[in-house]
Q: 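One structure, as structure tokens, below. Some questions next.
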Amino acid sequence: MPIRELPPQLVNQIAAGEVVERPASVVKELLENSLDAGARHVELEVEQGGIKLCRVRDDGIGIPPDELPLALVRHATSKISSLEDLEHIGSLGFRGEALPSIASVSRLRLVSHHRDADAAWTLNTEGDGLGEIEPAAHPKGTSVEVRDLFFNVPARRRFLKTERTEFNHVQRVAEQIALSRFSAAFRLTHNQRVLIDVPAAVGRSGQEARIARICGSAFMEHALFLEREAGGLSLRGWIARPSFSRGQPDLQHFFVNGRAVRDKVAGHAVRAGFRDVLFHGRHPAYVLYLEMDPAEVDVNAHPAKQEVRFHDSRTVHDFIRHTIESALAETRPAEGRPATDDPAQPAFAQTGPASGRPIYQSGMRFGQPQKPAVLREQLDTYAALAAGAVSGETPPGVISAEDIPPLGFAIAQLHGVYILAQNRDGLVIVDAHAAHERTVYEQLKQSMAEQRVQSQPLLLPREIAVSESQADIVEQHLETLALMGMDMDRTGRAQLTVRAVPALLANADPERLVNDMIADLVTLGSTERIGHALDDLLATAACHGSVRANRRLSIEEMNSLLRQMEATDRSDQCNHGRPTWTCLSMQDLDRLFARGR
């Protein structure tokens, strides 16, 4: 066939193939337009999973009547006007393809009442037919009604799934939009049934209430709030404690400048931040908001705007990972308390770098021995405090109940596995092996970080064939790899030679290690393969070096381990992601035994 210009309707339908995949795609584009229009209240009405009807109504600025036809013309938009605007995208939409693409494969009705106009106007379109602008009754704002999606493209309609499946996709998009803009009230109706109805969220408490409504109250019960700014980047949001991990990545919401995205760099950074605290194969749950200079992120990297591209992906990755690691490091009972010689206070076994004493010692001793008289004094002191808690009075010469350590004092060991302790709230139950494993592992990691990684020369240098582009990338990072204990260089256009590896990884396959590092460098601009491998070895050492089940512990040893847990990062979970302790309050115990009824 000769070269010829395609009809406008066919062009729009081709464009719809990229923008409009299913009803959820329509919902996403319409809701984003409402938010870009400054809406403070958005209503979404859906019928038959969105196949029959998708209607979005907002109270935004509206569209002047003379601009209604332009809203259905491809590449006509009010959001950008120059290349400079394109490089600093601050709106959710900007290409001007959504409405014309949707209109080309549906029956669309557009009604708008501009805030400066005296009346509302409407415009109807059916496939390739554009109607006349007519007056209408409508409050300030805009309504877009999309009916019979793909009615004129039967091949596309056949690929739609069941009503339930399509609505599940619509609901997920609606939830993401509701989470992306707390300042707007949001309402979702499906087949005349209201499923989401949340007011504008004011303050952190209002935001958490909305998140609990959408993500479930269990998520918020296990959530940790984080907030950090550095180098032009700002990250805030909520991450669930590792004990709330999921079997699927179904509770992960990440927003960049208010835009919901599925980004590989951000996703990898979050997983790296959760390393050492999750079961293998489990997924973290989170709602995170990253704010940055729009010029440093390309939001035009995906037809449906679901992915972004960072100008400096390595900096973004490290910022996200360190922020999450810092938040998870605080998942411990409390900060450690210094030892004291004051006879009026219990003498706790101090742990950590400030004490100058090792956390782990041979012979399964958790800390420095304490004299029997001191141990008796600890128990006597706590008994007096417990009595004071009942009477409401603090015994003379005894510290107040607020100064009792979070994990309290050990009172017994159950079946050689669990430590039972009494704190000011009730009963604390500690898995001795899991808790000791975490404390040993954290100290081993700290010792490793304070010393340079030692290299082990290979008996024979190992030559590895790679592509030319991969060799270029490795050559750019040789100094960084040397700090990790890797002695290697480029010995050919597409060849690397490895002469030494980290001493602790002497038995690892050098070729597999190098290939894994190259994959990281290509994707993220950095690699943590060696660090992960070393941590795996340290975790194994900590596991084998920790107290085993049925090993009888003295009261002294149990109390020392409790104090170490309070001073150790991430001590709420062991290295494999299992919880290390739990607490039953007096109210919980009373409820178990029906006391007070």
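Position 1 is the first residue of the sequence, and the numbers go up from there.
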Q: Under 3.5 Å, is there a donor-acceptor pair between the Ser469 and Asp472 side chains?
A: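 Asp472 and Ser469 do not have a side-chain donor-acceptor pair below 3.5 Å.
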Q: How about Glu166 and Gln48: does a side-chain donor come under 3.5 Å of a side-chain acceptor?
A: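 No - no donor-acceptor pair under 3.5 Å links their side chains.
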Q: Between Ser326 and Thr323, is any side-chain donor less than 3.5 angstrom from a side-chain acceptor?
A: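 No, because no side-chain N or O of Ser326 sits under 3.5 Å from a partner of the opposite role on Thr323.
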Q: Should we say atom CZ of Arg157 is surrounded by more than 12 heavy atoms from elsewhere, each under 6.0 Å from it?
A: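 More than 12 within 6.0 Å, yes.
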Q: Under 6.0 Å from the NE2 atom of His88, do we count more than 12 heavy atoms belonging to anything else shown?
A: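 Counting neighbours around NE2 of His88, more than 12 heavy atoms of other residues, nucleotides or ligands fall under 6.0 Å, so yes.
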Q: Per the ring pair (Phe, Tyr, Trp, His ring centres under 6.0 Å) rule, what does the pair list look like for residues 191-239, sequence neighbours excluded?
A: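 Ring pair (Phe, Tyr, Trp, His ring centres under 6.0 Å) check on residues 191-239 returns His222-Phe244, Phe225-Trp238.
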Q: Roughly how far, to the nearest 0.5 Å, is the CG atom of Leu278 from the CZ atom of Arg246?
A: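 So the CZ of Arg246 and the CG of Leu278 are separated by 13.0 Å.
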Q: Looking at Arg570 and Asp276, is any side-chain nitrogen of the basic one under 4.0 Å from a carboxylate oxygen of the acidic one?
A: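 A salt bridge is absent here (no side-chain N lies under 4.0 Å from a carboxylate O).
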Q: Regarding Ser34 and Asp58, is there a side-chain donor-to-acceptor distance under 3.5 Å anywhere?
A: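 Yes, because at least one side-chain N or O of Ser34 sits under 3.5 Å from a partner of the opposite role on Asp58.
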Q: Give a yes or no answer on whether the side chain of Arg259 reaches the backbone of Ser91 with a donor-acceptor pair at less than 3.5 Å.
A: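 A pair under 3.5 Å: yes.
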Q: Pick from Thr122, Thr125, Leu123, Val146: which one makes a side-chain contact (heavy atoms from CB on, under 4.5 Å) with Arg109?
A: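 So, applying the side-chain contact (heavy atoms from CB on, under 4.5 Å) to Arg109 and each of Thr122, Thr125, Leu123, Val146, only Thr122 qualifies.
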Q: Whether Arg187 and Glu43 form a salt bridge (side-chain N of Lys/Arg under 4.0 Å from carboxylate O of Asp/Glu) is what I want to check.
A: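 No.
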Q: Can you find a pair of side-chain heavy atoms, one from Leu290 and one from Phe255, that are under 4.5 Å apart?
A: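 Heavy-atom side-chain distance check fails, nothing below 4.5 Å.
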Q: What I want to find out is whether Asp148 reaches Arg107 closely enough, with some N-O distance under 4.0 Å, to be called a salt bridge.
A: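 Between Arg107 and Asp148 there is a salt bridge, with a charged N closer than 4.0 Å to a carboxylate O.
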Q: Counting C-beta onward and ignoring hydrogens, is there a side-chain heavy-atom pair between Glu32 and Ile177 closer than 4.5 Å?
A: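 With C-beta onward as the side chain, the pair touches.
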Q: Are side-chain heavy atoms of Ser571 and Pro333 found at a separation under 4.5 Å?
A: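 Touching, per the 4.5 Å side-chain cut-off.
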Q: Can you tell which of Arg193, Lys52, Arg55 makes a salt bridge (Lys or Arg N to Asp or Glu O under 4.0 Å) with Glu47?
A: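 Testing each of Arg193, Lys52, Arg55 against Glu47, the sole residue satisfying salt bridge (Lys or Arg N to Asp or Glu O under 4.0 Å) is Lys52.
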Q: Should we say atom CZ of Arg309 is surrounded by more than 12 heavy atoms from elsewhere, each under 6.0 Å from it?
A: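 At most 12 heavy atoms, drawn from other residues, nucleotides or ligands, come within 6.0 Å of this atom.
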Q: Judged by modelled atom types alone, do Asn33 and Lys79 share a side-chain donor-acceptor pair under 3.5 Å?
A: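 There is such a pair between these side chains.
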Q: Using only atom types and a distance under 3.5 Å, with no angle test, would you say the side chain of Asn423 pairs donor to acceptor with the backbone of Pro406?
A: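 Checked: pair present.
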Q: What pairs with Ile473 under side chain to side chain contact (heavy atoms under 4.5 Å, CB included), at least two apart in sequence or on another chain?
A: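 Result, side chain to side chain contact (heavy atoms under 4.5 Å, CB included) vs Ile473: His477, Leu521, Val522.
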Q: Would you please say whether a donor-acceptor pair under 3.5 Å links the side chains of Gln587 and Asp425?
A: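 Gln587 vs Asp425: no donor-acceptor pair found between side chains.
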Q: Side-chain donor-acceptor pair under 3.5 Å between His283 and Ser245, yes or no?
A: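 Judged by distance alone, the side chains do not pair up.
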